[in-house]
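Notes for the one structure printed next.
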Amino acid sequence: MLTLKDIAILVDGSIIGDPNFVVKGACSIDNGQKYCITYLDNPKYVKYLNSTLASAVIISKDFDDDNLNKNFIKVDSPKIAFAKVLENLKRKNDHSHTVSESAFIHKSAKIGMNVHIEPNVVIEKNVEIKQNTIIKSGTIISEFCTIGRDTFIAPNVTIYPDSVIGNNVHIDAGSVIGADGFGWATLKKNHIKIPQIGNVVIEDDVWIGSNCCIDRATFDSTVIGSGTKMDNLIQIAHNVIIGKNCLIAGAVAIAGSTKIGNNVTIAGQVGIIDRVEVGDNTVIASKSAIFKSVKSGSFVSGIPARKHNDRIRQDVLISKLPEIYKKIRKIESLLDEK
């Protein structure tokens with residue numbers, strides 16, 4: 001539980017109301033609950049301010065709160081401030097920084113200070129794990145891997161040999177890092193395996209959701225750049241390079257040797273073919289298919305993906321085709337009468 005004064009200090013905000021009011025939880029603004037805090041940053045939700053049962057609301061500094069009988073905290077960014085509040089309200093995991101007796105740790109492995117290793121973890125030879133990292137039950141870390149400090153690895157993660165995981169990385173349950181890339185050559189209708197002898201490099205501050213697959217490179221490295229956040233069920237193929245601070249939503253598949261720039265947003269169920277480049281600051285709308293390289297700063301959508309504004313105009317035109325067709329038939333009929 002936090003007082004409004006505690007929250008204001010946490011989010012660098014100013015209080016309108018009772019600074020000693022105690023917040024017991026968080027809620028949405030449309031389904032508000034008493035003694036809970038919510039936030040408002042979308043004009044569509046202003047209509048709920050009078051009716052919400054939430055006892056406190058985080059709002060923008062420039063929002064007019066006159067005549068509203070509520071406690072407010074005014075901040076620069078309500079959404080970011082609310083995220084900080086949620087982080088402080090959520091249930092904290094009390095890790096004891098112990099190593100379970102049922103974990104297998106090869107004698108050549110180097111384990112840093114305050115590393116927490118749960119039951120049935122397997123750590124193979126020549127692995128290095130740095131301080132304050134947490135490894136949950138059932139995870140396998142194969143030989144010659146390096147895991148940075150303050151990293152969290154959820155249950156049943158598999159990390160293949162030679163993988164490099166940075167600092168403050170989060171890997172959710174069931175993800176597989178460093179499995180063989182899908183490399184095959186066909187000779188007389190026989191598919192011959194191309195050995196995948198590279199590795200995977202996950203840079204600092206990366207978030208990887210559940211059941212993601214990031215394949216090792218044929219040679220060199222498959223790279224996930226620092227600050228990138230990945231949703232669940234994502235396939236990253238061999239030799240892919242993903243830049244810094246990208247956002248990748250669920251069910252995205254990126255084929256081999258593709259390069260994604262920095263600050264790229266890829267919405268859900270996007271498919272990107274092999275050997276293309278997506279420039280910095282690009283946005284790819286959901287269910288799009290990328291068949292050719294995309295310039296920096298683009299907003300693309302559709303199958304095949306094109307500039308979003310062009311596609312909208314084309315869709316409008318397509319919707320008018322039946323009407324246009326009727327007019328053409330009418331003109332043809334009048335011409336035939338002559």
### Asn126 side chain to Glu143 backbone, donor-acceptor under 3.5 Å
no
#### Entry: All pairs passing salt bridge (charged side-chain N to carboxylate O under 4.0 Å, His left out) where residues 189-210 contributes a residue, at least two apart
Asp180-Lys193, Glu203-Lys244
### Query
Atom OG in Ser226, atom CD1 in Ile202: separation rounded to 0.5 Å?
11.5 Å
### Query
Any idea which heavy atoms bring Ala237 and Ala255 closest together, and the distance?
CB-C, 3.7 Å
### Message
Just so I know, are the side chains of Met113 and Lys130 near enough to count as touching, which here means a heavy-atom distance under 4.5 Å?
### Response
no
### Query
Can you check whether Ile254 reaches Ile242 side chain to side chain, under 4.5 Å on heavy atoms?
yes
### Task
Specify the closest pair of heavy atoms between Val276 and Ile273, including all atoms of both residues, with the distance to one decimal.
CG2-O, 3.5 Å
### Task
Would you confirm whether Asn71, through its side chain, and Asp18, through its main-chain N or O, come within 3.5 Å as a donor-acceptor pair?
yes
### Message
I need the full list of salt bridge (charged side-chain N to carboxylate O under 4.0 Å, His left out) pairs touching residues 211-224, with sequence neighbours left out, sorted by first then second residue.
### Response
Asp162-Arg216
### Message
Checking the side chain of Thr222 only, and the main-chain atoms of Asn239 only, is there a donor and an acceptor separated by less than 3.5 Å?
### Response
yes
### Task
Taking the side chain as every heavy atom from C-beta outward, state whether Phe21 and Lys5 have any atom pair closer than 4.5 Å.
no
### Query
Hey, does the side chain of Gln196 reach the backbone of Ile194 with a donor-acceptor pair shorter than 3.5 angstrom?
yes
### Task
Measure the spacing between OG of Ser163 and CD1 of Ile147 and express it to the nearest 0.5 Å.
7.5 Å
### Message
Please give me the minimum heavy-atom distance between Ser221 and Val201, naming the atom from each residue.
### Response
OG-CG2, 3.7 Å
#### Entry: Results of salt bridge (charged side-chain N to carboxylate O under 4.0 Å, His left out) for Lys327 - residues two or more places apart only
Glu323
### Query
So how far is it from Ser55 OG to Lys34 NZ, rounded to the nearest 0.5 Å?
7.0 Å
### Query
Is it true that Ile153 and Ile111 fall in one hydrophobic cluster, defined by side-chain heavy atoms closer than 4.5 Å?
yes
### Query
Among side-chain atoms of Asp6 and Thr3, is any donor-acceptor pair under 3.5 angstrom?
yes
### Query
What about Val252 and Phe291, same hydrophobic cluster or not, with Ile/Leu/Val/Met/Phe/Trp/Tyr joined at side-chain heavy-atom distances under 4.5 Å?
yes
### Task
Decide if atom CZ of Phe82 counts as having more than 12 heavy atoms of other residues, nucleotides or ligands within a radius under 6.0 Å.
yes
### Message
If I compare all heavy atoms of Gly209 with all of Ser175, which pair ends up nearest, and what's the gap?
### Response
O-OG, 2.6 Å
### Task
Please list, chain by chain and in numerical order, all residues satisfying salt bridge (charged side-chain N to carboxylate O under 4.0 Å, His left out) with Lys307, sequence neighbours excluded.
none
### Message
Looking only at side-chain N and O atoms, does Glu118 offer a donor or acceptor that is under 3.5 Å from a partner on Ser100?
### Response
no
### Query
Got a sec, which hydrophobics cluster with Phe299, joining ILVMFWY side chains under 4.5 Å apart, including via others?
Val283
### Other cluster members, Phe219 - Ile/Leu/Val/Met/Phe/Trp/Tyr, side-chain contacts below 4.5 Å
Ile197
### Donor-acceptor side-chain pairing of His191 and Thr186 below 3.5 angstrom
yes
### Query
Could you go step by step and tell me if Ile59 and Ile73 meet the side-chain contact (heavy atoms from CB on, under 4.5 Å) rule?
CA-CA 6 Å; Ile59 57 175; Ile73 297 179; over 6 Å; no
### Heavy atoms from other residues, nucleotides or ligands near OH of Tyr45 exceed 12 (cutoff 6.0 Å)
no
### Message
Check for me, please, whether Leu86 and Tyr35 land in the same ILVMFWY cluster - side-chain distances under 4.5 Å, paths through other members count.
### Response
yes
### Query
Does Ile105 reach the side chain of Ile123, with side-chain heavy atoms less than 4.5 Å apart?
yes
### Task
Mind running side-chain contact (heavy atoms from CB on, under 4.5 Å) on Ile234 and Ile236 for me, showing each step along the way?
CA-CA 7 Å; Ile234 291 171; Ile236 307 296; 3.7 Å; yes
### Task
Look only at the side chain of Thr258 and the backbone of Val240, and say whether a donor-acceptor pair between them is shorter than 3.5 Å.
no
### Message
So for atom CG, which belongs to Asp310, do other residues, nucleotides or ligands contribute more than 12 heavy atoms lying within a distance under 6.0 Å?
### Response
yes
### Message
Whether the side chain of Thr38 engages the backbone of Ile58 through a donor-acceptor N/O pair (distance < 3.5 Å, no angle test) should be reported.
### Response
no
### Query
In terms of hydrophobic clustering (I, L, V, M, F, W, Y; side-chain heavy atoms under 4.5 Å; direct or indirect links), are Ile272 and Ile303 co-clustered?
yes
#### Entry: Over all atoms of both residues, closest heavy-atom pair of His116 and His97
ND1-N, 3.4 Å
### Query
Near Phe182 CZ, under 6.0 Å, is it more than 12 heavy atoms from other residues, nucleotides or ligands?
no
### Task
Might you work through the side-chain contact (heavy atoms from CB on, under 4.5 Å) test for Gln269 and Ser286, ending with a clear yes or no?
CA-CA 6 Å; Gln269 296 186 335; Ser286 61; 5.9 Å; no
### Query
Out of curiosity, Met230 CE to Cys212 SG, how far, rounded to the nearest 0.5 Å?
4.5 Å
### Side-chain heavy atoms of Lys229 within contact of Ile248, under 4.5 Å
no
### Task
Would you confirm whether Lys287, through its side chain, and Ala267, through its main-chain N or O, come within 3.5 Å as a donor-acceptor pair?
no
### Summary
Rounded to the nearest 0.5 Å, the OG atom of Ser296 sits from the CG atom of Asn281 at a distance of 7.0 Å
## Note on the structure
Closest non-hydrogen atoms of Ser288 and Gly302, given as atom of the first, atom of the second and distance, are OG-N, 3.0 Å
### Message
To the nearest 0.5 Å, what is the distance between CG on Leu53 and CD on Gln33?
### Response
8.5 Å
### Query
Between the side chain of Thr282 and the main-chain N/O of Lys295, is any donor-acceptor distance below 3.5 Å?
yes
### Query
Going by atom types only, do His170 and Asp172 share a side-chain donor-acceptor pair under 3.5 Å?
yes
### Task
Answer yes or no: is there a donor N or O on one side and an acceptor on the other, between the side chain of Thr146 and the main chain of Glu128, under 3.5 Å?
no
### Task
Measure from the side-chain N and O atoms of Thr139 to the backbone N and O of Val157, and report whether any donor-acceptor pair falls under 3.5 Å.
yes
### Task
Might you work through the side chain to side chain donor-acceptor pair (under 3.5 Å) test for Ser137 and Asn120, ending with a clear yes or no?
CA-CA 6 Å; Ser137 298; Asn120 302 315; 6.0 Å; no
### Connected via hydrophobic side-chain network under 4.5 Å: Tyr39 and Leu10
yes
### Query
Would you call Thr228 and Asn245 a side-chain contact if the rule is heavy atoms closer than 4.5 Å?
no
### Query
Would Ile37 and Val85 count as a side-chain contact (heavy atoms from CB on, under 4.5 Å) if you check the C-alpha gap in whole Å, the side-chain angles of each, and the deciding distance to 0.1 Å?
CA-CA 9 Å; Ile37 191 167; Val85 173; 4.0 Å; yes
### Query
How about Leu40 and Phe63: do any of their side-chain heavy atoms sit closer than 4.5 Å?
yes
### Sub-4.5 Å side-chain heavy-atom contact between Val278 and Ile266
no
